[in-house]
S.K.: 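I'd like to ask some things about the structure below.
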2 protein chains.
Amino acid sequence: MAPSTPPGGTPARRRPPGMTDVARLAGVSQKTVSRVVNGEPYVSERVREKVLRAARELGYRPNTAARALITGRFGRIGVVALGTALYGPASLQVAIERATRAAGLSVIVANTLEGQPDSVGDAVEWLLRQGVDAIILSEPIDEGVELRTDPDVPLYSVGRSVPQAENLLQGDFNTDGFREAVEHLLDLGHERVWHVAGPASWFAARERAAGWRAAHEARGIEPPEPLEGDWTPASGYEAGRRLLREPGVTAVACANDDMALGLIRACTEAGVPVPERVSVTGFDDIPAAAYLTPPLTTVRQQFETDAVLSLGLLLRRLSGAPDGAPEPSRPSPDPHRLVVRRSTAPPPHRLDEEPGKDDR
Amino acid sequence: MAPSTPPGGTPARRRPPGMTDVARLAGVSQKTVSRVVNGEPYVSERVREKVLRAARELGYRPNTAARALITGRFGRIGVVALGTALYGPASLQVAIERATRAAGLSVIVANTLEGQPDSVGDAVEWLLRQGVDAIILSEPIDEGVELRTDPDVPLYSVGRSVPQAENLLQGDFNTDGFREAVEHLLDLGHERVWHVAGPASWFAARERAAGWRAAHEARGIEPPEPLEGDWTPASGYEAGRRLLREPGVTAVACANDDMALGLIRACTEAGVPVPERVSVTGFDDIPAAAYLTPPLTTVRQQFETDAVLSLGLLLRRLSGAPDGAPEPSRPSPDPHRLVVRRSTAPPPHRLDEEPGKDDR
DNA sequence: CTGCCGTCTGACTACGTTGTCAACGTGAAA
DNA sequence: TTTCACGTTGACAACGTAGTCAGACGGCAG
């Protein structure tokens with residue numbers, strides 16, 4: 001009995017069908033197949049259908065490598081990200097991928113290593129070697145980056161300004177949003193607001209701290225010394241234990257929700273009720289924020305929408321649309337919103353008074 | 001003296017340097033450059049250095065498209081993921097990218113859309129069109145998937161069995177881990193344990209529910225009717241409100257930490273103390289779990305380590321290592337661990353004394 | 001009829017790389 | 001001396017696609 005597979009044992013990795021194979025089956029030239037596949041004009045309906053039928057029959061898939069080789073474009077953008085599973089960055093990354101794929105391009109990600117500044121440059125270099133049409137720095141850290149880039153590959157950043165990169169975001173969402181949270185606390189009657197910041201190497205942390213400072217300065221108040229955490233609940237907890245030892249702390253604005261949550265835990269453990277004796281705010285509005293004890297007053301960022309809008313522009317350009325094409329306007333409505341829940345209240349000594357201050 | 005830049009002023013998008021340019025500068029053949037770049041043997045040290053110097057001077061970067069075209073391999077793996085910012089999936093994705101890049105391959109991600117089963121097939125098809133050497137289904141949903149795949153592109157899955165895909169994970173971490181949590185509750189004296197499950201379309205949800213059921217069956221107990229959430233704190237909160245209306249509920253095992261957190265919130269709002277009157281467990285051990293009020297008893301999964309180990313095998317194979325190479329053993333130590341915190345306690349009627357230590 | 005234009009199609013080539021194979025120079029073995 | 005093996009190098013073809021250009025065909029105006 002003869003085996004159906006040829007002798008020798010080697011599976012003989014068959015070559016996947018190409019345009020030439022489709023052309024042969026359809027009885028046309030390879031170039032015509034190329035035209036059909038790319039939706040070029042000047043192909044009769046009869047031929048187009050014949051080609052499509054042949055392509056389907058063979059299970060034809062265009063070879064992106066060959067296409068990239070000849071066009072010089074890869075149909076791919078690279079994203080440099082800090083590989084954390086943090087809620088904010090992760091959401092942004094998903095949004096970027098969705099928008100990119102919708103535009104017919106693909107995303108290739110390179111994660112960096114926190115605390116190792118070279119790794120941003122390494123990631124960029126890696127992406128350039130892989131072949132990308134553009135690079136997006138979704139990396140939230142910007143200390144001492146000195147990027148060697150390729151003049152043919154544009155570099156974009158999300159939410160910070162790097163010398164070589166164009167920022168995809170219009171304004172500074174962190175500062176204004178955080179300032180709003182701090183003003184909310186000041187409006188409630190707190191004399192000063194303490195601050196648990198994120199790592200100074202993150203531009204988002206610096207911008208939020210700036211918002212905190214600005215809120216004080218606008219009222220001529222000297223802000224207290226800020227504490228620095230690392231975004232984790234654990235660091236918020238530690239900050240809380242330190243703040244509880246200081247006198248007069250009635251309000252703490254944390255740079256993100258996770259740290260706020262840890263800080264609240266420290267208060268609860270110490271028997272200090274939130275918000276009755278200490279008010280706490282976060283930033284991000286993570287899904288859990290509304291279900292903490294107490295529900296957390298925080299700020300919802302909407303920069304994703306804005307980032308994806310700008311990304312759309314970039315993608316349209318990369319997809320081959322002419323530069324002169326009418327660009328849709330970039331509305332930037334409602335970039336952030338203060339969500340007042342139950343972790344904030346007037347300070348203890350004001351409880352019997354009416355907060356008859358300006359009501360905004 | 002002739003100007004170094006030619007007249008005309010046009011930037012004329014210069015072609016990036018190729019091996020031919022390097023070869024010309026180094027005074028060798030293009031093929032020799034190829035040998036140097038790929039580290040092939042039989043190149044004299046003198047020539048190798050000459051080539052490397054020329055490459056550096058020109059800023060040469062190998063063209064992956066041309067290489068892929070001729071070798072038929074892309075140096076890329078595709079990952080199909082459900083685009084949520086959930087802690088577990090996001091961590092896994094980062095781990096996959098790190099391991100892959102370390103092996104010299106790159107990752108291209110395609111996110112699907114929950115509640116749209118075709119989108120898994122679409123994502124696979126999309127990745128095949130982009131050109132990948134292998135596909136990893138990190139997608140947690142598996143309802144009615146009917147995948148058309150390419151025989152040349154192996155398909156792998158993380159943590160579930162799909163007919164066409166090889167599972168990168170050894171065992172079933174969800175069932176055993178969850179069972180452990182439920183047994184912890186039963187050991188504390190609870191007669192039955194309620195369950196807030198994840199969406200039935202997620203295999204992880206089904207496996208955890210199976211663990212819950214198994215724990216009951218092993219003791220000959222009939223488990224109560226399970227509730228179904230959608231992983232969010234909001235759904236856990238809703239489930240909590242419903243359970244609070246039922247009599248006799250003393251212990252609830254939630255399929256993840258977020259839902260547990262929402263459920264605890266519902267109890268707290270209703271004045272039902274946790275764990276004094278109701279014990280609650282979660283699953284995942286998110287960073288916030290230890291800092292909730294009360295700190296959450298949960299199960300830490302360690303499947304990432306295991307998945308990345310198996311991934312290493314796959315990557316080594318794709319990188320060109322021969323099949324006969326000695327494969328490191330796959331140890332699977334400590335796949336999950338029950339972390340007992342303060343959200344679990346014996347049921348009320350087992351307490352000899354009244355719970356008078358309510359610090360709220 | 002002729003000339004012309006617009007539509008449609010195919011032959012040929014280039015893209016930058018790797019695989020194949022031949023050729024060269026050198027030193028050792030016959 | 002010749003022969004051979006080995007290390008080293010280069011010429012050439014091929015991968016699958018898109019750009020360029022020319023040619024075939026039909027309809028319409030002159």
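Sequence lines set the chain letters: A, B, ... in the order given, protein chains first and strands last, and positions in each chain run from 1.
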S.K.: Which heavy atom of A/D133 sits nearest to which heavy atom of A/G75, and what is that distance?
M.R.: OD2-N, 2.7 Å
S.K.: Return the value, rounded to whole Å, for the distance between atom CZ of B/F74 and atom C1' of D/dG16.
M.R.: 10 Å
S.K.: Just do the side-chain contact (heavy atoms from CB on, under 4.5 Å) check on A/L128 and B/R61 with the steps written out, would you?
M.R.: CA-CA 8 Å; A/L128 289 175; B/R61 260 189 288 267; 3.7 Å; yes
S.K.: Reckon B/S44 has a side-chain N or O less than 4.0 Å from the OP1 or OP2 of D/dG7?
M.R.: no
S.K.: Measuring from atom CG of A/L113 to atom CG of A/L82, what distance do you get when rounded to the nearest 0.5 angstrom?
M.R.: 8.5 Å
S.K.: Just checking, is any N or O donor in the side chain of A/N63 or B/R129 under 3.5 Å from an acceptor N or O on the other one?
M.R.: no
S.K.: Between atom CZ in B/R15 and atom C1' in C/dA14, what is the gap in whole Å?
M.R.: 11 Å
S.K.: Please give, in whole Å, the distance from D/dG16 P to B/R129 CZ?
M.R.: 17 Å
S.K.: Which whole-number value in Å describes the distance from A/R24 CZ to D/dG16 C1'?
M.R.: 13 Å
S.K.: Sugar-phosphate means primed atoms, P, OP1 and OP2; the rest is base. With that split, encode nucleotides 17-22 of chain C 5' to 3' as B, S or - using protein heavy atoms under 4.0 Å.
M.R.: BBBB--
S.K.: Is a donor on one side and an acceptor on the other found under 3.5 Å between the side chain of B/R76 and the backbone of B/G131?
M.R.: yes
S.K.: Counting N and O atoms only, with roles assigned by atom type, does the side chain of A/R98 sit under 3.5 Å from a partner on the main chain of B/T112, one being a donor and the other an acceptor?
M.R.: yes
